[in-house]
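Worth saying up front: this structure is predicted, and the values here are computed from it rather than measured.
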Amino acid sequence: MDEGPPAAPAGELDVAAALRRGDEAAFLALVRRHHGSMLRVAALFVSSAAVAEEVVQEAWLGVLNGIEAFEGRSSLRSWIFGILTNCAKSRGVREARSAPFSSFGEPDQDEPAVDPSRFLGADHPRWPGHWASPPEQWAEEKLSTKEIVRFVHEAIETLPSGQRRVITLRDVEGWTSAETCQALGLSEANQRVLLHRARSKVRAALEHRMKQEGSR
């Protein structure tokens with residue numbers, strides 16, 4: 001099980017001190033480092049790229065206004081993204097209140113992560129419940145092509161919102177389990193379930209795509 005977010009290293013404390021002094025170069029370097037990732041994370045909670053940009057701008061203002069309160073108990077990155085997710089979730093709630101009921105999608109369903117037909121039946125004489133059709137192994141060079149990477153991102157976009165948020169933070173942005181749970185308000189167990197379902201669905205979509213490629 002992951003531990004909580006680590007304390008800020010000395011270099012980040014120096015950056016925080018520079019921000020408190022109003023060092024514009026330090027702030028611009030921080031923006032260059034995190035802005036793209038912040039846009040992707042904000043987009044998980046709001047309706048459009050334009051709104052995500054507004055949320056990120058609001059978060060940067062929050063960073064500048066709140067830097068005096070940063071004590072280094074977590075990394076500077078975790079602190080910044082904590083401000084961002086709070087802004088994004090608040091904006092998402094406001095959008096939900098103004099949206100018509102018909103615009104809401106289905107909540108995450110309690111469906112099996114893997115198609116049950118992929119497993120042997122409980123009455124199988126030797127291997128009850130084992131794989132009937134195990135996952136395929138793919139060469140790394142096939143998975144690293146731009147076309148496949150783009151397909152995986154498209155598959156992630158089709159997931160239910162809870163699964164999409166978890167797999168994006170864990171597998172796209174590289175967040176730890178603890179950081180993801182804190183940002184999304186999830187228990188460790190719920191985070192694991194959502195991540196497993198998301199990964200299984202993306203893998204199933206990719207497996208289907210690879211079979212199509214192989215049949216050509």
Side-chain angles (χ1 to χ4, degrees), residues 1-100 103-105 153 156-157 159-188 190-191 194-195:
M1 183 175 178
D2 291 330
E3 299 179 355
E12 289 194 345
L13 295 177
D14 292 340
V15 173
L19 294 180
R20 293 187 186 102
R21 296 193 302 269
D23 188 326
E24 184 176 352
F27 177 67
L28 291 176
L30 204 61
V31 170
R32 285 193 295 270
R33 186 178 308 135
H34 295 302
H35 193 79
S37 182
M38 290 172 72
L39 281 172
R40 291 189 294 272
V41 173
L44 297 172
F45 298 91
V46 297
S47 61
S48 69
V51 177
E53 182 68 55
E54 292 177 4
V55 167
V56 172
Q57 295 299 332
E58 180 184 352
W60 281 124
L61 287 175
V63 169
L64 292 176
N65 292 332
I67 192 62
E68 293 292 341
F70 177 68
E71 298 177 344
R73 295 179 182 176
S74 66
S75 70
L76 185 59
R77 171 183 170 277
S78 293
W79 182 76
I80 290 171
F81 276 89
I83 293 173
L84 173 73
T85 52
N86 286 336
C87 292
K89 285 190 282 189
S90 296
R91 185 62 174 267
V93 168
R94 294 200 299 272
E95 286 188 327
R97 286 173 180 166
S98 62
S103 69
F104 290 99
H153 282 280
I156 289 173
E157 288 302 310
L159 296 172
S161 60
Q163 296 175 23
R164 186 176 71 253
R165 288 169 181 169
V166 170
I167 196 173
T168 298
L169 296 182
R170 291 297 310 278
D171 292 351
V172 178
E173 300 301 328
W175 289 26
T176 66
S177 174
E179 289 172 330
T180 301
C181 290
Q182 183 177 11
L184 300 181
L186 296 172
S187 68
E188 172 65 24
N190 285 342
Q191 186 263 162
L194 289 169
L195 181 61

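Residues forming a side-chain hydrogen bond (donor to acceptor under 3.5 Å, both in side chains) with Thr168 (at least two apart in sequence, or on another chain): none. With sequence neighbours excluded, no residue forms a side-chain hydrogen bond (donor to acceptor under 3.5 Å, both in side chains) with Ser90. With sequence neighbours excluded, no residue satisfies salt bridge (charged side-chain N to carboxylate O under 4.0 Å, His left out) with Arg33. In this view, Glu71 and Arg73 satisfy the side-chain hydrogen bond (donor to acceptor under 3.5 Å, both in side chains) rule, not counting sequence neighbours. For Asn86, there are no side-chain hydrogen bond (donor to acceptor under 3.5 Å, both in side chains) partners two or more places apart in sequence or in a different chain.
Summarising the geometry, atom OG belonging to Ser75 is positioned 9.5 Å from atom CZ belonging to Phe81; distances are rounded to the nearest 0.5 Å. In this structure, CD in Gln182 is found 12.0 Å from CG in Leu169, a value given to the nearest 0.5 Å. To the nearest 0.5 Å, the span separating CD on Glu95 from CZ on Phe45 amounts to 12.5 Å. To the nearest 0.5 Å, atom CG of residue Leu76 and atom CG of residue Asp14 are 11.0 Å apart. In this structure, CD1 on Ile80 lies 8.0 Å from CD on Glu12, to the nearest 0.5 angstrom. Once rounded to the nearest 0.5 Å, the distance linking CZ of Arg170 with CG of Leu195 reads 5.5 Å.
Listed by first and then second residue, the salt bridge (charged side-chain N to carboxylate O under 4.0 Å, His left out) pairs involving residues 35-48 are Arg40-Glu173 (not counting sequence neighbours).
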Please tabulate, for the side chains in residues 50-60, all donor-acceptor contacts under 3.5 angstrom to protein atoms that are two or more places apart in sequence or on a different chain.
| from | atom 1 | to | atom 2 | distance (Å) |
| --- | --- | --- | --- | --- |
| Glu53 | OE2 | His35 | NE2 | 3.3 |
| Glu53 | OE2 | Gln57 | NE2 | 2.9 |
| Glu54 | OE1 | Arg91 | NH1 | 3.2 |
| Glu54 | OE1 | Arg91 | NH2 | 2.6 |
| Trp60 | NE1 | His35 | ND1 | 3.2 |

All N/O donor-acceptor pairs, side-chain side in residues 18-28, below 3.5 Å, sequence neighbours left out:
| from | atom 1 | to | atom 2 | distance (Å) |
| --- | --- | --- | --- | --- |
| Arg20 | NE | Ile67 | O | 3.3 |
| Arg20 | NH2 | Ile67 | O | 3.3 |
| Arg20 | NH2 | Phe70 | O | 2.7 |
| Asp23 | OD1 | Ala25 | N | 3.0 |
| Asp23 | OD1 | Ala26 | N | 3.1 |

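Listed here is the closest heavy atom pair of Trp79 and Gly66: CZ2-O, 3.3 Å. For Leu13 against Gly72, the heavy-atom pair with the smallest separation is CD2-CA, 4.0 Å. Residues Glu157 and Arg164 share a closest heavy-atom pair of CA-CD, 3.9 Å. Closest approach of Val172 and His153 over heavy atoms only: CG1-CE1, 4.1 Å.
Proximity of a side-chain donor or acceptor of Gln191 to a complementary backbone N or O of Thr180 within less than 3.5 Å is not detected. Between the Gln163 side chain and the Pro160 main chain, no donor and acceptor come within less than 3.5 Å of each other.
For the pair Leu186/Val166, a side-chain contact is recorded, criterion being any heavy-atom separation below 4.5 Å from C-beta on.
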Evaluate the side chain to side chain contact (heavy atoms under 4.5 Å, CB included) criterion for residues Arg165 and Leu194: first the C-alpha distance (whole Å), next the side-chain angles of each, then the deciding distance (0.1 Å), finally the verdict.
CA-CA 9 Å; Arg165 288 169 181 169; Leu194 289 169; over 6 Å; no
